[in-house]
Number of protein chains: 2
Amino acid sequence: MSGWLAIAGLGPGDEALITPEVTAALAGASDVIGYIPYVARIVPRAGLTLHPSNNRVELDRAAHALELAAQGRRVVVVSSGDPGVFAMAAAVFEALEAGPAHWRDLDIRVLAGITAMLAASARAGAPLGHDFCAINLSDNLKPWVLIEKRLRLAAEADFAMAFYNPRSKARPEGFERVLELLREVCGSDRPILFARAVSTPDEQLRILPLGQARANMADMRTMVIVGSSLTRIIECAAGPIFYTPRSALGSAS
Amino acid sequence: MSGWLAIAGLGPGDEALITPEVTAALAGASDVIGYIPYVARIVPRAGLTLHPSNNRVELDRAAHALELAAQGRRVVVVSSGDPGVFAMAAAVFEALEAGPAHWRDLDIRVLAGITAMLAASARAGAPLGHDFCAINLSDNLKPWVLIEKRLRLAAEADFAMAFYNPRSKARPEGFERVLELLREVCGSDRPILFARAVSTPDEQLRILPLGQARANMADMRTMVIVGSSLTRIIECAAGPIFYTPRSALGSAS
């Protein structure tokens, strides 16, 4: 029997946002591995072993998945969103690179998913409709000075900015410093979106000027998007639409 | 009868990459509007009117879609990839903003899809596994000087960079200048991915150092991703894996 490993994106929460490609991989799997709340989304069935694990053990989880595939199991590592964006795909490749040579013969596939920034963008309008960047604000794996440097350069480039992991209990002050820096370089009127638990029953969207943004508006389930200088708001009956026009022909360069 | 408008992403080409949310919207539609090759992907059926249109008429197409929804039709505007990333969602909101006030009462939804950079990233490994930016290289809607400024700042920020619309027949020299600039600021050894027609039978992936990249390796169906200083390659039996590790703790800042 020949094993394989798929690293699959479950999207932001709604089952209607999981691609048929991912659904088919899960249907053919013998083992599903991942962070506890993501594995909890998989319906148990005969012949399928679920391996939920804690956060912050990504490399151990990745090595476990590779080892099971090497033993001939059909393994799906589940991520929320897209596995290639601040998620499990890079962790699996780090483990692969550091691991035994025979792992490099394995059948490994990454199966794309709807990443949080695109789910949030769709719900709010189209803030990422022109050039943009995506920055992980967690400083677990990155020095603060690099985060600050990237924020300043991204603002100078006039990118819209999507922020993953804006705020955690372990470092509540970091996001406050990010908001201060953004107000300094983008101005207090620049619109910011807080999109919490998008596509789930807990979904909350909030669009406001940077001057009114507070760090406690974000938590671990919140995606934050700051507009570029061109991003604007259309007031509609169903709520505000937050979008960036396609053209920058009139913009300062 | 109450009309609605959904702006839906068909993903990069493979039907297995279309979300069930989009499939359900198409099943309930009375009208599908979009660029000819995207509308050609929709299976005709009784009760469904297809409205294919040429490229570069995005605003006319958007206004047509809004007007049909205002008349009570159930309208899906189809984009490839994700409608919120260099695609039809921003065009619809531009038309909405410029249009009659009653359009602001319409039921308008954006339905996310798998955008080209994430499909390409998944096929090649995980080059966007750390901070990154997305830049549309078309200078139809943006002055060249702004493209160049963004490229220099993105390189200074050490983002991985995903490029949409790298090269067209109308401006073959633009992408050559982009490659020259990237070699100057990132060095000739930095890896670059050319991912053509991802998820279709014509799919071609090519990963090479910037020093060996040539403008004619990209066409209108090609997504280009340039790694950050940390992006690397693992040689595997099935081909090279192109990925960016999650940690930048050791990187120069």
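Each chain gets a letter, A, B and so on, in the order its sequence line appears, and its residues count up from 1. Keep in mind the model is a prediction, meaning the values are calculated, not measured.
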Worksheet entry | Interface residue of largest heavy-atom contact number with chain B, from A:Glu156, A:Glu58, A:Glu97, under 4.5 Å | A:Glu97

Item to complete: Find out whether B:Thr19 and A:Ile18 are in side-chain contact, i.e. whether some heavy atom of one side chain is under 4.5 Å from a heavy atom of the other.
Response: no

Worksheet item: Any idea which of A:Asp107, A:Asn136, A:Leu141 has the most non-hydrogen atom pairs under 4.5 angstrom with chain B?
Response: A:Leu141

Discussion item. Tell me which of these, A:Ala112, A:Ala90, A:Ala134, has more heavy-atom pairs under 4.5 Å with chain B than the rest.
Written reply: A:Ala134

Worksheet item: Between A:Arg150 and B:Phe159, which heavy-atom pair has the shortest distance, and what is it?
Response: CD-CE2, 4.0 Å

Worksheet entry | Separation of B:Glu21 CD from A:Ser199 OG (nearest 0.5 Å) | 8.5 Å

Worksheet item: Would you say A:Asp131 and B:Lys142 make side-chain contact, with heavy atoms under 4.5 Å?
Response: yes

Worksheet item: For A:Glu148, is it the side chain, the backbone, both, or neither that has a heavy atom closer than 4.5 Å to a heavy atom of chain B?
Response: neither

Response to the item:
With chain A, the option among B:Ala237, B:Ala122, B:Ser121, B:Gly113 that has the most non-hydrogen atom pairs under 4.5 Å is B:Ala122

Worksheet, complete the sentence: Scored by heavy-atom pairs under 4.5 Å with chain B, the best of A:Ala160, A:Ala157, A:Ala124 is A:Ala157

Worksheet, complete the sentence: Honestly, the part of B:Asp82 sitting under 4.5 Å from a heavy atom of chain A is side chain

Worksheet entry | Top contributor to chain A interface from B:Ala91, B:Ala89, B:Gly9 [non-hydrogen pairs under 4.5 Å] | B:Ala91

Worksheet item: Can you find a heavy atom in the side chain of B:Phe93 that is under 4.5 Å from one in the side chain of A:Thr244?
Response: no

Worksheet item: What option among A:Leu111, A:Leu151, A:Val85, A:Asp105 has the most heavy-atom pairs under 4.5 Å with chain B?
Response: A:Val85

Worksheet item: Which atom names give the shortest non-hydrogen contact between B:Phe86 and A:His130, and what distance separates them?
Response: CE2-C, 3.4 Å

Fill in: Validation row: B:Leu118, A:Leu118 side chains within 4.5 angstrom (heavy atoms)
yes

Discussion item. Quick check: do B:Leu59 and A:Arg246 have side-chain heavy atoms less than 4.5 Å from each other?
Written reply: yes

Worksheet item: Between A:Asn140, A:Leu17, A:Asp14, A:Val22, which has the largest tally of heavy atom pairs under 4.5 Å with chain B?
Response: A:Leu17

Discussion item. Taking the side chain as everything from C-beta on, heavy atoms only, tell me whether B:Val92 gets closer than 4.5 Å to A:Tyr243.
Written reply: no

Item to complete: Counting only heavy atoms closer than 4.5 Å, note whether A:Arg232 contacts chain B via side chain, backbone, both or neither.
Response: side chain

Worksheet item: Relative to chain B, which segment of A:Ala24 carries a heavy atom at a distance below 4.5 Å: side chain, backbone, both, or neither?
Response: neither

Worksheet item: Does some side-chain heavy atom of A:Ile108 sit less than 4.5 Å from a side-chain heavy atom of B:Cys236?
Response: no

